[in-house]
Amino acid sequence: MTEAAPRYDAIVIGGGVGGLVAAAHLAAGGFARSRLRVVLVEARNMLGGTAENLPFGDGFRGPVGGHAIYALDPASIGKLRLARRGLAFAERDMALVALRQGGRHIVLTRDVYACRATIAAHDTGDADRFPRFRREAFALARHMRSFWDGTAGAAADERPVLDRLARLSAAAWLDGWFASDALKAALAFDATSCGFSPLEPGSALALIWRWGLEACGLQGGSAQVAGGPGALAAALAKAAQASGVAIRTGAHVEAILYEGGRVVGVRLSTGEMLAAGVVLSSLDTRRTLLHLLPPEALPFGAAAALGAREGARAPASASVLLALNRPPAFAAGLSARALRGRFVFPERPDAIAEAKGAALTGLMPAELVVEATLPSEADPAHGPISQHVLSALIRFLPAQPAGGWASHRTALKDRLIAALEVFAPGLAQSVVGFEVLTPDDLAARYGDMSSQAADALGRLLAAPETRVRSVVPGLYFCGGAAEPATALSGRAARLAAALARADAKAEARA
Amino acid sequence: MTGTPTVTRPTPFHVRTAERNRDNVWRARNGFTLPAHYGDARAEALAVRFSAIAADVSHRAWLRFTGARAGPLCARAFGQAVAAIEPGASRTVLWRADGGGVRGTGTLARLATGDFVLLSYVCDHAWFEDAAARFGVRLFEETGEAGLLALAGPFAAAILEVGGLAEAATLEPGRHRAFVWRGLDVTVSRWGVLGGYEIGCAADDAVIVFDRVMSAGAGLGLALAGEDAFATILMETGVAVPCADWAPARDPFATGPAPETLGLAELAGAAHATPPLVLAGIVLDSEEPAPRAAILKGSEIVGATLGSLYSPALKRAIALAQIAPAHAGAGTAIAARHAGDGAMTIEGTVVDLPFLPIPDQIRP
Amino acid sequence: MERYDAAIIGAGPEGLTAATTLAGAGLRVVVLERASRPGGRAVTREFHPGFRASPFADELADIPRRLFWRLDLARRGALMAPAPASTLISEIGAHILTAGAQSCAHTARLAREMDGLRTELAARAEMLDPSPARRLSFRRREPERPGWPGDAMARASLAELLAARVPGEDMALHLAAGALSGRAASPFLVGSALHLLAPGEGCSGAVAGGLGALGDALAAAARAAGATIRCSAEVSDIRRRRGRTSGEEIAAGAVISALDVKRTLLTFFAWSDLPAGIVKAAGRYRMSASRARVLFALDAAPEFSFAAARPATRRGPVHVVASMAALARAHDVWRSNALGDALPVTLRVPSFADPRLAPAGKAVMTATLSGVPLQLFDGAWTKEKRARLVALALAAAETVAPGVSARVLACQPIAPPDFEDALGLTHGDFDGGEIGPDQTMGFRPWPEMADARTPIAGLYLGGPSSAPAPFLLCAAGHRAARTLLADRAAGRLA
């Protein structure tokens with residue numbers, strides 16, 4: 001390191017939600033009552049990562065990632081005073097609407113007794129059992145929640161429960177309670193956000209995690225940010241700047257510098273070097289450890305294990321934005337509250353499992369697994385008046401289909417519209433604009449996140465500190481890779497900041 | 001075990017060693033087939049203390065790291081101390097899995113600035129392959145492609161002198177050098193743990209080298225030693241051999257065995273304040289070996305034996321064992337109990353390793 | 001006057017073992033040795049500048065395993081390698097016997113049986129006999145003594161046993177030659193099978209550096225246990241005081257004699273002081289020399305004609321014996337105190353296995369001649385007689401390695417009187433008494449004195465003429481020491 005390299009206390013790589021939260025926390029909490037000098041380095045010219053508003057069509061804008069944010073860290077919202085910096089929610093606690101044929105949509109909200117009516121349309125017994133199930137499941141989730149929140153590992157009483165849930169599949173669990181596939185698919189759908197299919201062991205644990213977040217009260221439910229995810233990014237950026245974080249956009253990190261057994265800084269693609277004793281990376285683990293660090297930094301076993309995943313092509317997600325000139329037909333039968341919720345289909349847990357199976361082998365699934373929202377319902381600023389935007393997140397798509405994604409782009413949109421047509425006849429005619437972001441497009445914009453999808457169960461079971469700390473002293477993870485599942489959260493980022501500060505203090509004392 | 005037969009290869013010296021393997025007993029090591037003994041394993045094991053033995057060690061795993069970054073790769077794999085190895089010198093090294101378990105031990109020799117060779121008992125090619133790719137170092141597995149003949153015993157140097165490699169006889173332990181031996185290119189090294197020499201040659205020259213060595217040693221009592229005798233000699237020297245005495249950690253994140261429990265603490269660089277177990281030698285009051293037996297002090301179990309063999313020099317069975325430090329002092333009386341029905345208890349005593357060191361070279 | 005708890009006369013293997021056992025039990029022990037260094041027969045002598053060999057034997061009898069372990073001899077430097085092969089040159093031709101898996105199943109079984117017998121012998125020697133009844137007892141009833149193994153051997157003749165157990169005349173002759181090497185016995189006499197238990201060629205193995213390494217290891221063990229070894233101290237007599245023995249200038253509570261019984265009883269005491277009958281019994285005990293040795297320093301290693309195909313044979317003994325009848329004839333000639341024309345000779349080149357013994361490129365050869373009497377009928381051992389020994393040895397060597405005579409740089413003959421002078425062995429008998437059914441095991445030296453005790457209170461016998469010698473080395477001294485300790489513990493040595 002030359003003398004001229006600017007010296008910081010910490011460098012945060014990546015200006016997504018995780019990076020911004022981590023940087024803001026680091027800079028805000030001082031060490032020895034002096035402010036930490038934090039620099040945040042982002043390769044693109046704008047901050048926010050996947051929390052971005054994408055303009056498309058003729059005056060429309062839609063969310064890219066985060067059309068329903070469920071894991072945002074309340075502690076960060078409070079501590080960083082994001083509300084004051086412009087973060088508002090268009091809709092908190094979005095309902096989960098499972099679209100079903102024949103108009104018998106299941107609407108699940110926090111009010112369990114109100115849900116019974118929609119469930120009874122499929123099975124009355126299920127409707128009677130649902131409140132009790134919901135109570136018990138949420139109690140369990142509340143009990144387990146501290147495992148993912150704290151820094152320590154599982155407490156003694158949590159261990160057996162964790163083990164059991166890790167072996168249990170959501171379908172098996174729900175089979176014990178409910179009879180109708182429709183309700184089971186609706187409840188099990190949230191396991192897909194962690195990358196599980198309902199039939200996989202460990203999907204029960206994923207559900208518990210999701211519901212643990214939701215059980216935090218209103219602030220924990222899925223929410224839609226007013227102004228789109230970009231507003232969240234803007235608020236976070238303001239918070240970071242207010243904390244004193246030096247933000248450098250358009251700076252691409254080429255390598256993390258490693259000397260004497262720990263990280264000592266980063267080098268940008270321009271050749272400029274930044275020196276710091278602590279580096280927090282919000283990129284995924286493989287890219288950070290294998291591509292940015294020199295090979296001496298890693299123990300061979302960890303490196304080989306990471307490298308081995310290079311070949312595994314986990315299922316990927318795609319995002320499709322549709323501009324509609326009238327609301328979809330299923331809106332007629334739903335309340336306003338329900339319209340501002342999340343729409344999920346397919347109808348059977350098996351279909352989700354088959355989709356994941358097909359995606360793993362490189363085939364397009366028979367039925368698309370879709371979570372869609374109508375952001376324009378809660379937040380009319382998404383486009384011209386009385387025009388609607390439908391944002392669909394399609395999961396379990398093959399990472400590399402035959403012929404590549406370029407040839408499947410339009411086909412994907414068509415298939416999505418066809419799938420929606422089942423519940424909303426006439427949708428195809430109402431589409432006035434669209435934008436398709438295939439997995440390749442997402443990778444090109446935000447970096448290749450495919451390695452994060454691997455080892456979903458391992459991430460859920462790992463103690464928080466293990467997820468955040470890396471094998472290299474001085475390097476921490478603060479982005480989606482450090483979360484139990486890839487989500488816009490900030491919990492891991494907050495934890496990373498706290499750990500980095502604690503470690504630095506311990507070292508200074510030693 | 002699948003139905004496919006394992007293919008074993010002959011070493012470059014196979015032609016000569018097979019002739020002398022009159023009892024037709026073989027051992028498979030590292031995918032090679034080697035004679036177990038040449039008539040009397042005990043006499044061969046004793047010959048190393050009387051005069052000298054020659055043994056075919058071409059089957060030892062031979063990994064070559066070539067490249068500008070071979071030095072940093074070896075430093076990461078084996079510890080920073082290997083950066084100080086000069087060309088022509090070597091060090092005994094061990095390498096560990098991520099969790100701390102020992103994966104293997106061997107000798108790392110530096111042939112040139114960017115050229116290292118790792119000689120070990122078992123091949124761990126896969127472990128280094130991925131790392132070598134990341135460092136940009138070329139990794140060659142050359143096990144069995146060259147002939148390697150080990151010469152050990154107090155008269156090994158004298159045999160080299162008689163054979164015409166007098167300069168090689170003056171090599172210091174740990175060093176190696178290339179020579180031209182009456183027209184053949186050979187490398188004489190002193191990498192082994194027995195204080196002897198190894199003669200490395202091209203596979204085609206192996207038979208000639210063998211004949212020259214045997215004729216040079218004929219007047220000095222040189223005996224050819226098979227795998228059984230070599231195993232006995234190694235145990236008498238106090239070396240715990242991977243796969244025979246202890247199981248190397250194969251899982252990349254495995255925690256055990258720890259270097260202290262294998263007597264390799266100083267190689268690992270780190271010293272445990274109080275190691276959970278230490279490697280110690282046990283002499284048993286019996287001629288029957290007791291491998292994988294529990295060690296008892298009174299009625300409590302304080303350790304376990306690893307490998308155990310009959311030592312013809314000590315005329316009793318010896319065993320390498322991992323014992324709790326409190327009971328690992330030399331002279332402690334212990335008992336070893338075989339597992340299984342009819343469990344017999346054999347008395348024994350803890351001794352310091354090595355059981356019997358090989359005498360130093362006798363220069364005429 | 002120095003006072004010790006026990007004094008041991010003779011620092012040979014037996015005496016040193018006894019010293020180690022006693023000192024290990026906490027007694028103050030002194031070992032008195034006439035020669036300038038301890039070791040007895042376990043010595044290596046540099047008989048020519050740069051050439052070393054063990055003068056009296058190449059291999060000694062087997063040391064019981066537990067003693068070997070307890071004395072930690074291997075780690076003190078006594079590394080023993082049994083010969084990998086042995087060769088017999090008879091009138092039929094060359095016959096090679098290899099140790100290990102290649103040898104015939106019968107010989108392997110026989111060898112295992114002999115090993116088993118020796119182990120039993122060692123176990124029996126560990127059993128201490130109860131002390132004899134006090135003289136004042138009214139009925140002098142001898143207490144029950146456990147029996148000794150090897151009865152079958154004591155009743156069989158060597159030739160008969162071998163003919164029954166091993167196939168082939170040459171194999172039988174080979175084993176007989178090995179058993180009777182250095183001894184004068186007829187294989188046809190009853191009881192000669194006992195020689196198989198303790199072959200004359202030895203069975204403990206050649207020691208790296210010559211037998212001197214074994215002697216040094218034993219001395220180191222004794223010193224480590226705390227015994228004092230005094231060399232160049234000759235004991236002239238043993239004095240008794242108030243019923244106990246005490247040594248000259250050295251007061252000791254008890255004495256173990258590691259010498260043979262005749263020397264112990266007949267030279268250290270005035271015969272009139274000894275109990276009645278002992279002198280006669282000692283006189284009746286048969287001891288006579290039967291072996292001579294010649295050491296050769298050779299300019300170059302001899303080339304055995306048979307060794308080209310089997311290189312292992314170089315490292316073992318070569319017996320030059322014409323036939324079983326020749327062995328019997330040698331015995332007859334020996335009894336008439338003459339030196340035969342064709343004695344059985346055992347040749348060995350120790351420097352093949354142990355290059356330390358000779359300078360580079362040169363060799364040491366030893367020859368053991370069997371059936372050499374102590375007193376030749378035609379006079380004392382003169383230089384010509386010794387030269388005759390050398391000639392006999394070379395003649396035998398020429399048959400196996402032609403041209404070896406030309407390579408001789410120096411030779412040293414060791415005749416029976418030299419055994420007597422050097423080792424203090426009465427009549428030069430290397431085995432401490434003839435090996436016959438009435439003089440071995442439970443009858444050695446005679447039945448009334450077959451445990452280590454003598455009728456002389458405080459004197460114990462732990463040398464080559466006590467059981468279980470000569471079949472096992474070091475065991476007799478160990479036995480005497482343990483008997484002494486038992487008596488001391490029982491208060492009989494007050």
Chi angles and distances behind the side-chain contact (heavy atoms from CB on, under 4.5 Å) call for B/Lys315, C/Arg65: CA-CA 7 Å; B/Lys315 300 198 190 189; C/Arg65 283 288 174 273; 3.4 Å; yes

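- Against chain C, no residue from residues 207-214 of chain B qualifies, as none has a non-hydrogen atom under 4.5 angstrom away.
- Here the CG atom belonging to B/Leu220 is positioned 11.0 Å from the CG atom belonging to C/Asp354, to the nearest 0.5 angstrom.
- In terms of heavy-atom pairs under 4.5 angstrom with chain C, the leader among B/Val283, B/Leu356, B/Val25 is B/Leu356.
- More than 12 heavy atoms of other residues, nucleotides or ligands shown are found within 6.0 angstrom of CD on B/Glu19.
- At most 12 heavy atoms of other shown residues, nucleotides or ligands fall within 6.0 angstrom of atom CG in B/Asp360.
- For chain B, the option among C/Leu73, C/Val207, C/Asp72, C/Ile63 with the highest count of heavy-atom pairs below 4.5 Å is C/Val207.
- Nearest heavy atom pair, residue B/Ala313 against residue C/Ala74, reads O-CB, 3.3 Å.
- A side-chain donor-acceptor contact under 3.5 Å links C/Arg75 to the backbone of B/Phe355.
- Take B/Thr232 and apply the side chain to side chain donor-acceptor pair (under 3.5 Å) test, not counting sequence neighbours, and it matches no residue.
- Of the listed residues (B/Ser51, B/Ala41, B/Ala52), the greatest number of heavy-atom pairs within a distance under 4.5 Å of chain C belongs to B/Ser51.
- For chain B, the nearby part of C/Arg314 is the side chain; its heavy atoms alone come within less than 4.5 Å.
- Note that CZ of B/Arg316 is 8.5 Å distant from CZ of C/Arg66, once rounded to the nearest 0.5 Å.
- By the neighbour-count criterion of 12 heavy atoms within 6.0 Å, atom CZ of B/Arg42 is sparsely surrounded, having that number or fewer from other residues, nucleotides or ligands.
- The nearest pair of heavy atoms linking B/Leu46 to C/Ala81 is CD1-CA, 3.4 Å.
- For C/Arg76, the CZ atom sits in a packed shell: over 12 heavy atoms of surrounding residues, nucleotides or ligands are nearer than 6.0 Å.
- In this structure, chain C has a heavy atom under 4.5 Å from the side chain of B/Pro154, while its backbone stays farther away.
- To the nearest 0.5 Å, the span separating OG1 on C/Thr98 from CZ on B/Arg22 amounts to 8.0 Å.
- Heavy-atom pairs under 4.5 Å with chain C were tallied for B/Thr349, B/Val162, B/Asp285; the largest tally goes to B/Asp285.
- Taking a 6.0 Å sphere around CD of B/Glu167, one finds it holds 12 or fewer heavy atoms contributed by other residues, nucleotides or ligands.
- C/Trp69 contributes no side-chain N or O that, together with a main-chain N or O of B/Leu284, makes up a donor-acceptor pair within less than 3.5 Å.
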